[in-house]
Amino acid sequence: MVKTGFETVHLILLNMIVVPAWGIFLFVLFTIVFIIFSWLYLAGTFQRQRPYHLTGIGASESHFLTTIASMSDSLITAGYPLAFWSDIDTIQAARLELIDQAQTLIQFETFKMSPGKRAKDFADALCRQAIAGVTVQVLADSYGAKELPASYWQRLQNAGVQVLFFNPFSGRSPLDYLRRNHRKLLIVDQTIAMVGGAGISDLWDGKDGKSEQPWYDFEIKWQGDAVGMLTGFFWQHWLTAGGHVDLNQHHPGRSQAATPSPVLITPGEEPSTGDSPIRSLFQLCITSAQRRLWLASPYLLPDQITCEMLDQACRQGVDVRILTMGPKSDKAYVYYTSRQRYGPLLRSQIQIHEYQPSMMHGKIVLIDDDWVSFGSANLDPRSFFHNDELNLCTNNAQLISQVAAFFESGFEQSEVVQLGPWQRRPWQEKLIGRLGNFFYWQL
Ligand SMILES: O=P(O)(O)OC[C@H](O)CO
């Protein structure tokens, strides 16, 4: 058929514009995918796990603390837990109250901050104190706080708050961006510290589009020498982020506690896949349990060796129970990836309790009636190998009973996962789980 002049021009344009455009589009797409995979590959995302074998020490042994401290790069100090809260309104109110009480110095570092009422209330409190002359230092993780607009930080800075961001993206060292500051820490006047899991975010109020119920989490208020040490850990990060520390102005004060308990602090600073203080801490906790090992972690991605240690504990008659997030997780793909790895745990008769009302976000290990370890670290590769974390461990009897009650209430509001129904879960869940596991080392 003879083409008209118009059709010929149209065909020429098609060949000159549309075909090259598709070519460019596919080339750009391929390049982006190639860069992402190369990046993940170079970061060790697809590596095989190195062997790591550890067997036991009893939690009641007198040398437990020294052993666990030396093997997890932790420091031994002392402190007293003044309060334990597991209600989100109370936790956020207690933080604001503590900020209001500050006389000289407020230090705060965290991972998750997002726009909303909690972020506004927090900024109001910090600005009030900065304007009143209190030194206020805020260290926000540049990834975790990325949703907050520049105007939020500008308002804080205008009031005199010193704001720094942990590890912003740099084109000169892009892989470094995978290291995040996962710590959650508020210190006032170097005398009182609050450690827990809640971010500065309305998510913890249940505003996550899933449940409308507050997340299950906790916070502990501390007094004693441990607070001085936590101040030092904060300053390490502050210096790394480019901040100025004047030890003449704010010399490490000694927070007094009338009846201190031993406290172990694990800063989990800049771990690597070969050397992880947080992994050592978790595995030492697991291997030292003799009667009870209750473990809470929202994101539950234990590696094979940790699963074997949990299995061993079960075989030795230890009551091993795990409290974790349920279907109302804030990250569905991590939930399905976690579930994909339940098989060995369920076959070992380990009870996995999935919290039902909302997101379960507490991170704790309870060992017998003797020790409790808690803080920012999840049982996952990100906390083991990539993040800076902050965990504390103590044998304070009152805190142990409060933590046991936290677990018991969590178990009551959970469903125990059974092997049969788990095996019959929908294929879509299995598919997401398999895909998620492909990126296991970065989760
Ligand atoms: O990283 P985490 O464990 O502090 O959890 C943060 C939440 O997932 C916020 O989305």
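The shown structure was predicted, so the numbers you read here are calculated from the model rather than taken from an experiment. Start at 1 and go down the list; that is how both ligands and their atoms are numbered.
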Note every protein N or O atom lying under 3.5 Å from an N or O atom of ligand 1, pairing the names and giving the distance.
{"unit_1": "ligand 1", "atom_1": "1 (O)", "unit_2": "His182", "atom_2": "NE2", "d": "2.5"}
{"unit_1": "ligand 1", "atom_1": "3 (O)", "unit_2": "His182", "atom_2": "NE2", "d": "3.3"}
{"unit_1": "ligand 1", "atom_1": "3 (O)", "unit_2": "His361", "atom_2": "NE2", "d": "3.2"}
{"unit_1": "ligand 1", "atom_1": "3 (O)", "unit_2": "Lys363", "atom_2": "NZ", "d": "2.5"}
{"unit_1": "ligand 1", "atom_1": "3 (O)", "unit_2": "Asn378", "atom_2": "ND2", "d": "3.1"}
{"unit_1": "ligand 1", "atom_1": "4 (O)", "unit_2": "His182", "atom_2": "NE2", "d": "3.1"}
{"unit_1": "ligand 1", "atom_1": "4 (O)", "unit_2": "Lys184", "atom_2": "NZ", "d": "2.8"}
{"unit_1": "ligand 1", "atom_1": "4 (O)", "unit_2": "His361", "atom_2": "NE2", "d": "3.3"}
{"unit_1": "ligand 1", "atom_1": "5 (O)", "unit_2": "His361", "atom_2": "NE2", "d": "2.7"}
{"unit_1": "ligand 1", "atom_1": "8 (O)", "unit_2": "Tyr299", "atom_2": "OH", "d": "2.5"}
{"unit_1": "ligand 1", "atom_1": "8 (O)", "unit_2": "Asp330", "atom_2": "OD2", "d": "2.7"}
{"unit_1": "ligand 1", "atom_1": "8 (O)", "unit_2": "Lys331", "atom_2": "NZ", "d": "2.6"}
{"unit_1": "ligand 1", "atom_1": "10 (O)", "unit_2": "Asp330", "atom_2": "OD2", "d": "2.8"}

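Nearest heavy atom pair, residue Cys127 against residue Leu156, reads SG-CD2, 3.8 Å. When all heavy atoms of Met325 and Tyr342 are compared, the pair lying nearest together is O-OH, 4.5 Å. Across all their heavy atoms, Ala377 and Asn391 have their closest contact at N-OD1, 3.2 Å.
Checking Tyr355, Trp294, Phe406 one by one against Phe411, the ring pair (Phe, Tyr, Trp, His ring centres under 6.0 Å) holds for a single residue, Trp294.
At least one side-chain heavy atom of Pro298 sits less than 4.5 Å from a side-chain heavy atom of His361.
Under the 3.5 Å distance criterion, with hydrogens and angles disregarded, no donor-acceptor pair is assigned to the side chains of Arg180 and Asn387.
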